[in-house]
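The structure appears right after this line, and notes come after that.
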Amino acid sequence: MKENQSGQWYRAASTLEIEDDDVLGVVVGDRGEHEVALYKIQGKYYATADRCTHQTARLSDGLVIDDCIECPLHQGRFHVPTGRAKSAPVSIHLKTYPTKVEQGAVFV
Ligand code: FES
């Protein structure tokens, strides 16, 4: 299985912690240095940075709409699978992370 960019997988959540078509904010990393928004969309898991690129709202407080996340602060939208900025006021893409599921847990 392919590892993430840092070559290390982090356990992000139990698969039971996230509903379908929803988002969950998690903190991962050896020193808790990565704030990640974890999504389950149509049965697949995705992960992006949790901070909006417009200002610093938490996307995990936003709404999942189809395969996009809507920021709770100014309603900018990002395409979750690619991180692409989809609608104003966001214009800078989101960082995305690979995910995998093992033994009932989601790893990023
Ligand atoms: Fe997210 Fe403004 S902080 S759209």
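One-based numbering, in listed order, for ligands and for the atoms of each. For this chain, numbers begin at 1 and follow the sequence in order.
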Looking only at atom types and distance, does a side-chain atom of [X] sit under 3.5 Å from a main-chain N or O of [Y], one as donor and one as acceptor?
X     : Y     : result
Asp50 : Leu59 : yes
His34 : Val28 : no
Thr96 : Thr82 : no

Legend entry - Result of checking Thr48, Asp22, Asp21 against Tyr39 for side-chain hydrogen bond (donor to acceptor under 3.5 Å, both in side chains): Thr48
Inset, instruction - Name the orientation class of the two ring planes belonging to His74 and His54 (parallel below 30°, tilted from 30 to 60°, perpendicular beyond 60°). - result: perpendicular
Inset, instruction - Please list, in chain and residue-number order, the protein N/O/S atoms closer than 2.8 Å to atom 1 (Fe) of ligand 1. - result: Cys52 SG, Cys71 SG
Inset, instruction - Give the cluster check for Leu94 versus Tyr97: same hydrophobic cluster or not, with ILVMFWY residues linked at side-chain heavy-atom distances below 4.5 Å. - result: no
